[in-house]
Asks: 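First the structure, which I've put down as structure tokens, then a few questions once you've had a look.
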Amino acid sequence: MIKRTMTVALAIGSVLAGASVVAHAATAPRIPKNFLLTERAAVKGPVAGDEEWWTISDSLSQQLHVNPCRSKGKPRDGRVAMRTITYLSSAPSSAGEQLVLYSNAGSAQAAFRKLRADLATCSKPAVVKRDRFGYVSKPLRVGDEALSVEGHDYDAAGRRLSQFDDLAVVGRRGAALFLYSSNGRDPEAKKEITGQAGKMAKKVCGLPGVCDEKTGPGWPGESEGRVLIGPASPSGPDLDQKATPHPGEWLPAGRPSRGDRI
């Protein structure tokens, strides 16, 4: 009798555990197919044959393309879904798009703060003296919070060797981080990736649970579903922080001005 009771209990436990896994799988955030802005082009493949390469990965182990401290290993920041798209050409040049979903807005905000701290800590060329590569970042009015990042090569005297090397925009909206980068491309790529970030800042709110919570400073008009793009206030905390770099969509000609709505 005892043996039969234990067998029944174990069977019930297995059923409940299986139901829990199924329920979790049904409610766990996920990124739909073709959700990223460059995904259809990546799936379609290269136009120039052996001159271009696309990769798509849903691995949670990917580092962010903006990785100023050159962190290695699997990130453990509470992410629950991620997609990374990378474009390479023989030019050579590259571009990238990343979307990371977290279980809640607080975890996404913590991940953004860590990136901002890494940019401040590991941005100066002296920190990565092997190749004298350093970063500069500025806040942007995109989503709940965002940074525009530039990475540059420097000479031994600390002079910048080129105006544009690595470019990136990284932003957060609710429980999502999104990142666009460009390397070795036209300087106008900065407008492109800024435009992409603004578009994704609105698009991610179509995913369940991403924009349900309010965190961070937010921006005027956010409650109406509007996204502001352009430099944040000169008194913003990140204006003088340094930082690293990734792709996008064109905005109208000229530098986006404060308060431009997209």
Side-chain angles (χ1 to χ4, degrees), residues 31-32 34-44 47 52 54 56 64-66 83-89 91 93-100 112 115 135-151 163-174 176-207 210-211 216 218-222 224-233 236 238-239 243-262:
I31 301 173
N34 292 325
F35 187 81
L36 273 64
L37 304 184
T38 59
E39 194 164 341
R40 291 186 184 277
V43 171
K44 186 176 180 181
V47 176
E52 297 179 315
W54 287 94
I56 304 175
L64 292 178
H65 286 161
V66 175
R83 184 162 299 156
T84 297
I85 297 179
T86 305
Y87 167 84
L88 300 172
S89 79
S93 65
S94 65
E97 179 179 15
Q98 291 181 299
L99 176 62
V100 189
F112 186 89
L115 174 60
Y135 307 97
V136 178
S137 69
K138 294 181 180 180
L140 283 179
R141 293 191 177 201
V142 173
D144 292 330
E145 50 191 338
L147 290 171
S148 174
V149 182
E150 297 178 10
Q163 185 178 3
F164 294 99
D165 291 309
D166 287 355
L167 302 173
V169 172
V170 56
R172 180 187 68 84
R173 188 75 187 271
L177 283 187
F178 43 90
L179 188 152
Y180 295 89
S181 65
S182 173
N183 173 265
R185 300 171 68 208
D186 189 287
E188 294 296 304
K190 187 171 184 178
K191 296 178 185 178
E192 186 181 356
I193 62 176
T194 303
Q196 275 194 314
K199 178 174 285 190
M200 184 55 71
K202 293 187 291 185
K203 189 174 184 180
V204 291
C205 285
L207 297 177
V210 169
C211 295
W219 303 107
E222 181 185 12
E224 304 170 27
R226 296 178 293 176
V227 179
L228 297 179
I229 190 168
S233 168
D238 301 304
L239 188 62
T244 146
H246 286 200
E249 183 164 294
W250 294 101
L251 291 176
R255 181 182 298 275
S257 61
R258 182 181 306 164
D260 286 347
R261 291 179 175 83
I262 58 173

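Every heavy atom of this structure was used, including side-chain atoms; hydrogens, water molecules and symmetry mates were not.
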Asks: Do you know which two heavy atoms are closest between V210 and R173, and how far apart they sit?
Replies: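 Answer, listing the atom of V210 first, then R173: CG1-O, 3.6 Å.
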Asks: What are the two closest heavy atoms between L147 and F112, and how far apart are they?
Replies: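 Looks like CG-CZ, 3.9 Å.
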Asks: Measuring from atom CD1 of I85 to atom OH of Y180, what distance do you get when rounded to the nearest 0.5 angstrom?
Replies: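 I85 atom CD1 to Y180 atom OH measures 8.5 Å (nearest 0.5 Å).
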Asks: If you round to the nearest 0.5 Å, how far is OG of S182 from CD1 of I193?
Replies: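 Answer for the CD1-OG pair, I193 versus S182, is 6.0 Å.
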Asks: Evaluate the criterion side chain to side chain contact (heavy atoms under 4.5 Å, CB included) for residue pair L37 and M200; output intermediate values, then yes/no.
Replies: CA-CA 8 Å; L37 304 184; M200 184 55 71; 3.9 Å; yes
Asks: Is it true that the side chains of E52 and S89 contain a donor and an acceptor less than 3.5 Å apart?
Replies: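 Side chains of E52 and S89: no pair found under 3.5 Å.
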Asks: Going from CG on L64 to CG on L177, what distance comes out if it is rounded to the nearest 0.5 angstrom?
Replies: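 The distance works out to 6.5 Å.
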Asks: Assess the residue pair Q98 and F178 against the criterion (side chain to side chain contact (heavy atoms under 4.5 Å, CB included)); give the C-alpha distance rounded to whole Å, side-chain angles, the decisive distance to 0.1 Å, and a yes or no.
Replies: CA-CA 6 Å; Q98 291 181 299; F178 43 90; over 6 Å; no
Asks: Ignoring hydrogens and geometry, is there a side-chain-to-backbone donor-acceptor pair from R172 to G174 under 3.5 Å?
Replies: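 Yes, the answer is positive, given that a donor and an acceptor are paired below the 3.5 Å cut-off.
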Asks: Begin from the C-alpha positions of V169 and L140 and carry the test side chain to side chain contact (heavy atoms under 4.5 Å, CB included) through to its verdict.
Replies: CA-CA 9 Å; V169 172; L140 283 179; 3.9 Å; yes
Asks: Got a second to check how far C211's SG is from D144's CG, nearest 0.5 Å?
Replies: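 Result: 7.0 Å between the selected atoms.
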Asks: Any idea which heavy atoms bring V142 and A197 closest together, and the distance?
Replies: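 Residues V142 and A197, closest heavy atoms: CG1-O, 3.7 Å.
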Asks: Inspect the contact between R83 and E97 and indicate whether a charged nitrogen and a carboxylate oxygen are less than 4.0 angstrom apart.
Replies: no
Asks: Could you tell me if the side chain of P32 sits less than 4.5 Å from the side chain of L207, heavy atoms only?
Replies: yes
Asks: Give a yes or no answer on whether the side chain of E192 reaches the backbone of A189 with a donor-acceptor pair at less than 3.5 Å.
Replies: no
Asks: Roughly how far, to the nearest 0.5 Å, is the OG1 atom of T38 from the CD1 atom of I56?
Replies: 8.0 Å
Asks: How long is the gap from OG1 on T86 to CH2 on W54, to the nearest 0.5 Å?
Replies: 9.0 Å
Asks: Tell me whether K190 is salt-bridged to E150, with the criterion being a basic N under 4.0 Å from an acidic carboxylate O.
Replies: yes
